[in-house]
**Q** 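Quick one: structure below, then a few questions.
All values below were derived from every heavy atom in this structure, side-chain atoms included, with hydrogens, water molecules and symmetry-related copies excluded. Note that this is a predicted model, so its numbers are computed, not measured.
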Amino acid sequence: MSSSSGGSKYPPTIADGRFEITVKLGAGCFGEVYRAVDAQTKDEVAIKIERVNASSPQLERESAMLSALAQPALPQGFPKILHFGRDGKFLCMVLELLGKTIEDYVQLCNGHLAARSVALAAEQALLRVEYLHSKGIVHRDIKPENLMFGTGSRQHHLYLIDFGLSKRYYDRRHIRMNTNLSLTGTARYASINAHRGAEQSRRDDLEALGHMFLYLLRGSLPWSGLNAKDREEKFRKIQEVKERTPLSDLCLGYPDAFERYLRYCRTLGFRQRPDYAMLRGLFSELRGSISQQEDCQLQDHEFEWNAGKELDGLEPLAPAPCLAQPDDGEASHLPRAFRCFCGL
């Protein structure tokens with residue numbers, strides 16, 4: 001199998017022949033993704049391949065992040081890494097094969113999703129991000145393409161993927177606020193503070209999730225599709241529209257959980273510990289309200305694309321764990337007003 005990247009060939013098999021590449025699935029700034037077969041288990045897997053001399057290497061960072069997330073045990077909603085290593089001129093990472101992204105379902109559902117589907121996805125997405133943050137890591141590229149559903153008995157499990165831009169925000173202490181930084185991530189969903197050049201922390205992942213939720217509901221955002229002569233101008237225009245669009249307008253016509261969510265996220269301080277349970281509760285309440293309206297308890301798998309399907313043998317979602325954040329017990333997690341009052 002050949003690659004158009006630099007005229008070099010990717011190996012048809014990797015890891016001493018264990019994984020045989022079958023078809024290309026996609027590409028990104030890091031390299032390319034292939035479907036392959038595990039000769040030992042006969043299971044299909046996904047392989048991410050990046051040139052060793054890539055200008056912006058990401059796979060080694062992603063492998064390290066996934067290894068950290070798997071300690072002491074890999075929780076639901078994160079892909080299992082099966083192999084990582086060098087094969088000739090390439091770095092190769094083998095992961096369990098997942099299903100469709102949320103973006104795929106947006107396109108399958110006439111360009112937007114119903115509030116019930118977004119509420120179900122939001123509950124899981126927040127659990128994934130909370131776990132990531134509990135490991136001292138921020139994602140920095142939250143978008144629909146980086147949230148995928150599983151397959152088979154886990155087809156209703158939402159996975160957070162692609163940690164190539166992830167970064168530690170906490171290692172014995174919280175990182176400092178840097179400014180005048182270039183935007184990292186996807187401009188459509190990025191937080192306003194990220195646009196302004198501020199170092200990203202937990203609040204920025206959460207705000208990006210909020211922008212994504214509104215995209216899923218609306219099918220577009222007020223700052224989508226802006227004309228610009230170059231990347232810099234485009235980012236500046238997106239920032240300007242984000243800053244001047246009132247949340248009441250952005251969320252008009254949708255359940256108030258989404259506006260309350262974004263309003264909270266935009267008031268978080270750089271080091272402030274988010275109240276994840278409260279944020280999840282907003283969507284749990286919305287789920288309960290939808291269940292009441294439909295006179296039927298909304299189940300974890302009842303996304304709109306599953307309507308009318310008989311789904312047997314599904315693996316239940318794990319209950320929300322009680323996770324400690326790395327700064328629990330420090331003054332930095334207290335609300336800003338309280339810290340100011342106490343002179344912190």
**Q** In this structure, would Leu97 and Val33 fall into the same cluster of hydrophobic residues linked by side-chain contacts under 4.5 Å?
**A**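 Yes, one cluster joins them.
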**Q** Please determine whether residues Leu217 and Val106 belong to a single hydrophobic cluster, defined as Ile, Leu, Val, Met, Phe, Trp and Tyr linked transitively by side-chain heavy-atom distances below 4.5 Å.
**A**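 Same cluster.
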**Q** How long is the gap from CD1 on Ile49 to NZ on Lys24, to the nearest 0.5 Å?
**A**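 If I round to the nearest 0.5 Å, the distance is 10.5 Å.
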**Q** Taking CG in Asn53 as the centre, count heavy atoms belonging to other residues, nucleotides or ligands within less than 6.0 Å. Is the count above 12?
**A**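 Yes - once you tally the heavy atoms of other residues, nucleotides and ligands closer than 6.0 Å, there are more than 12.
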**Q** Let me see the working for His83 and Val45 under side-chain contact (heavy atoms from CB on, under 4.5 Å), right down to the final yes or no.
**A** CA-CA 11 Å; His83 168 80; Val45 297; over 6 Å; no
**Q** Please test Asp327 against Arg271 for side-chain contact (heavy atoms from CB on, under 4.5 Å), starting from the C-alpha separation and ending with a verdict.
**A** CA-CA 9 Å; Asp327 57 350; Arg271 294 184 176 85; 5.8 Å; no
**Q** Quick one: list whatever passes salt bridge (Lys or Arg N to Asp or Glu O under 4.0 Å) with Arg280, sequence neighbours left out.
**A**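 Per chain and number, Arg280 pairs via salt bridge (Lys or Arg N to Asp or Glu O under 4.0 Å) with Glu130.
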**Q** Taking all atoms of both residues into account, what is the closest heavy-atom pair of Asp87 and Ala15, and its distance?
**A**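 Closest heavy-atom pair between Asp87 and Ala15: OD2-N, 3.8 Å.
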**Q** Is the count of non-hydrogen atoms from other residues, nucleotides or ligands lying under 6.0 Å from Asp16 atom CG greater than 12?
**A**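 Open: at most 12 neighbouring heavy atoms sit under 6.0 Å from CG of Asp16.
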**Q** For Asn306 and His156, test the side chains for any donor-to-acceptor distance below 3.5 angstrom and give the result as yes or no.
**A**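 There is no such pair (donor and acceptor under 3.5 Å, judged by atom type) between the side chains of Asn306 and His156.
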**Q** Please enumerate all residues that pass salt bridge (Lys or Arg N to Asp or Glu O under 4.0 Å) together with Glu233, with sequence neighbours excluded.
**A**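 Per chain and number, Glu233 pairs via salt bridge (Lys or Arg N to Asp or Glu O under 4.0 Å) with Arg236.
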**Q** Regarding Asp162 and Lys48, does a basic nitrogen lie under 4.0 Å from an acidic carboxylate oxygen?
**A**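 Here Asp162 pairs with Lys48 in a salt bridge, since their nearest N and O are under 4.0 Å apart.
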**Q** Closest heavy-atom contact between Val138 and Ser201?
**A**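 Smallest interatomic distance, heavy atoms only, reads CG1-C, 3.5 Å.
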**Q** When rounded to the nearest 0.5 angstrom, what distance separates NZ in Lys167 from CG in Asp171?
**A**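 Answer for the NZ-CG pair, Lys167 versus Asp171, is 12.0 Å.
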**Q** How about Lys234: does its NZ atom have over 12 heavy atoms from other parts shown lying under 6.0 Å from it?
**A**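 Open: at most 12 neighbouring heavy atoms sit under 6.0 Å from NZ of Lys234.
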**Q** Kindly determine whether Tyr254 and Glu259 satisfy side-chain contact (heavy atoms from CB on, under 4.5 Å), including the steps that lead there.
**A** CA-CA 8 Å; Tyr254 300 102; Glu259 181 176 346; over 6 Å; no
**Q** Treat each ILVMFWY residue as a node, draw an edge where side-chain heavy atoms are under 4.5 Å apart, and state whether Leu298 and Leu113 are in one component.
**A**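 Yes, it is one cluster - the side chains of Leu298 and Leu113 are joined through contacts under 4.5 Å.
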**Q** Are side-chain N/O atoms of Glu103 and Tyr215 paired as donor and acceptor at under 3.5 Å?
**A**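 Their side chains do contain a donor-acceptor pair, which is all the 3.5 Å distance test asks for.
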**Q** side-chain contact (heavy atoms from CB on, under 4.5 Å) for Val129 and Ile142? Distances and angles first, verdict last.
**A** CA-CA 9 Å; Val129 170; Ile142 298 291; 4.2 Å; yes
**Q** To the nearest 0.5 Å, how far apart are OH in Tyr264 and CZ in Arg203?
**A**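 CZ of Arg203 is found 12.5 Å from OH of Tyr264.
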**Q** Test His211 against every option in Tyr189, Trp223, Tyr261, Phe258 by the ring-ring contact (aromatic ring centres under 6.0 Å, His included) rule and name the one that passes.
**A**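 The option that passes is Trp223.
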**Q** For Leu74, what residues pass the side-chain contact (heavy atoms from CB on, under 4.5 Å) criterion, not counting sequence neighbours?
**A**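 Applying side-chain contact (heavy atoms from CB on, under 4.5 Å) to Leu74 gives Ala70, Phe78, Lys80.
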**Q** Checking the side chain of Ser289 only, and the main-chain atoms of Glu285 only, is there a donor and an acceptor separated by less than 3.5 Å?
**A**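 Looks like no, no N/O pair under 3.5 Å.
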**Q** Who are the salt bridge (Lys or Arg N to Asp or Glu O under 4.0 Å) partners of Lys143, not counting sequence neighbours?
**A**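 Per chain and number, Lys143 pairs via salt bridge (Lys or Arg N to Asp or Glu O under 4.0 Å) with Asp141.
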**Q** Just by distance, no angles: are the side chains of Ser284 and Glu123 close enough, under 3.5 Å, to form a donor-acceptor pair?
**A**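 On atom types as modelled, these side chains qualify, holding a pair under 3.5 Å.
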**Q** Show every side-chain hydrogen bond (donor to acceptor under 3.5 Å, both in side chains) that has at least one partner inside residues 241-252, sequence neighbours left out.
**A**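 side-chain hydrogen bond (donor to acceptor under 3.5 Å, both in side chains) check on residues 241-252 returns His195-Lys242, Arg196-Glu243, Gln239-Glu243.
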**Q** Tell me if a side-chain donor or acceptor on Glu304 pairs with a main-chain N or O of Cys109 at a distance below 3.5 Å.
**A**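 Checked: no pair found.
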**Q** Do Phe213 and Ile192 share a hydrophobic cluster (ILVMFWY, side-chain heavy atoms under 4.5 Å, transitive)?
**A**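 Not linked; separate clusters.
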**Q** Give the minimum heavy-atom separation between Leu66 and Pro79, together with the two atoms involved.
**A**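 The answer is CD2-O, 3.9 Å.
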**Q** What closest approach, in Å, do Gln58 and Gly164 show between heavy atoms, and which atom pair accounts for it?
**A**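 Reported closest heavy-atom pair: OE1-CA, 3.6 Å.
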**Q** Give a yes or no on whether the backbone of Lys135 and the side-chain of Arg168 come within a donor-acceptor separation of less than 3.5 Å.
**A**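 Between the backbone of Lys135 and the side chain of Arg168 there is a qualifying donor-acceptor contact (under 3.5 Å).
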**Q** Could you tell me whether Arg266 and Glu207 make a salt bridge, using a distance below 4.0 angstrom between a side-chain N and a carboxylate O?
**A**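 Counted as a salt bridge, because a side-chain N and a carboxylate O are separated by less than 4.0 Å.
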**Q** Can you see which heavy atom on Leu91 is nearest to which on Leu59, and at what distance?
**A**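 Nearest heavy atoms, Leu91 then Leu59: O-CD1, 3.5 Å.
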**Q** When you measure from the side chain of Arg61 to the backbone N and O of Ser166, does any donor-acceptor pair fall under 3.5 Å?
**A**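 Side chain of Arg61 to backbone of Ser166: a pair is present.
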**Q** Check the orientation of Trp305 and Phe303. Use parallel for under 30°, tilted for 30 to 60°, and perpendicular for over 60°.
**A**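 The rings of Trp305 and Phe303 lie parallel, inter-plane angle below 30°.
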**Q** I need the Leu126 CG to Leu209 CG distance, nearest 0.5 Å.
**A**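 Answer for the CG-CG pair, Leu126 versus Leu209, is 6.0 Å.
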**Q** Answer yes or no: is there a side-chain heavy-atom contact under 4.5 Å between Thr101 and Ile161?
**A**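 Thr101 vs Ile161: side chains apart.
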**Q** Is it the case that more than 12 heavy atoms not belonging to Gln299 sit under 6.0 Å from its CD atom?
**A**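 Above 12, so yes.
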**Q** What are the two closest non-hydrogen atoms of Cys265 and Leu206, and how far apart are they?
**A**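 Minimum heavy-atom separation between Cys265 and Leu206: SG-CB, 3.7 Å.
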**Q** Does atom CD (Glu20) have a neighbourhood of more than 12 heavy atoms from anything else shown, all under 6.0 Å?
**A**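 No, not enclosed.
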**Q** Around Glu315, counting heavy atoms of other residues, nucleotides and ligands shown, do more than 12 lie under 6.0 Å from its CD?
**A**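 Atom CD in Glu315 is packed in, count exceeds 12.
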**Q** Between His133 and Asp205, does the side-chain hydrogen bond (donor to acceptor under 3.5 Å, both in side chains) criterion hold? Intermediate values first, please.
**A** CA-CA 9 Å; His133 292 173; Asp205 278 351; 2.8 Å; yes
**Q** Within the structure provided, determine whether Phe84 and Glu62 are in side-chain contact (heavy-atom separation under 4.5 Å).
**A**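 No. Closest side-chain heavy atoms not under 4.5 Å.
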**Q** Verify the neighbour count for atom NZ of Lys100: are there more than 12 heavy atoms of other residues, nucleotides or ligands below 6.0 Å?
**A**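 Open: at most 12 neighbouring heavy atoms sit under 6.0 Å from NZ of Lys100.
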**Q** To the closest 0.5 Å, what do you measure between CZ (Arg140) and OG1 (Thr184)?
**A**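 Rounded to the nearest 0.5 Å, the CZ-OG1 separation comes to 4.5 Å.
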**Q** Working to the nearest 0.5 Å, report the span between CG of Leu147 and CE of Met212.
**A**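 Between Leu147 CG and Met212 CE, I get 5.0 Å after rounding to 0.5 Å.
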**Q** Would you please name every residue forming a salt bridge (Lys or Arg N to Asp or Glu O under 4.0 Å) with Arg18, sequence neighbours left out?
**A**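 If we apply the salt bridge (Lys or Arg N to Asp or Glu O under 4.0 Å) test to Arg18, skipping adjacent residues, the hits are Asp38.
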**Q** Aromatic rings Tyr105 and Phe149: how do their planes relate, parallel, tilted or perpendicular, breaks at 30° and 60°?
**A**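 Plane angle over 60°, so perpendicular.
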**Q** Determine whether more than 12 heavy atoms belonging to other residues, nucleotides or ligands lie under 6.0 Å from atom CG of Asp230.
**A**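 Yes, because the 6.0 Å sphere around CG of Asp230 holds more than 12 heavy atoms from other groups.
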**Q** Under 4.0 Å between a side-chain nitrogen and a carboxylate oxygen: does that hold for Arg287 and Glu302?
**A**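 No, this pair does not count.
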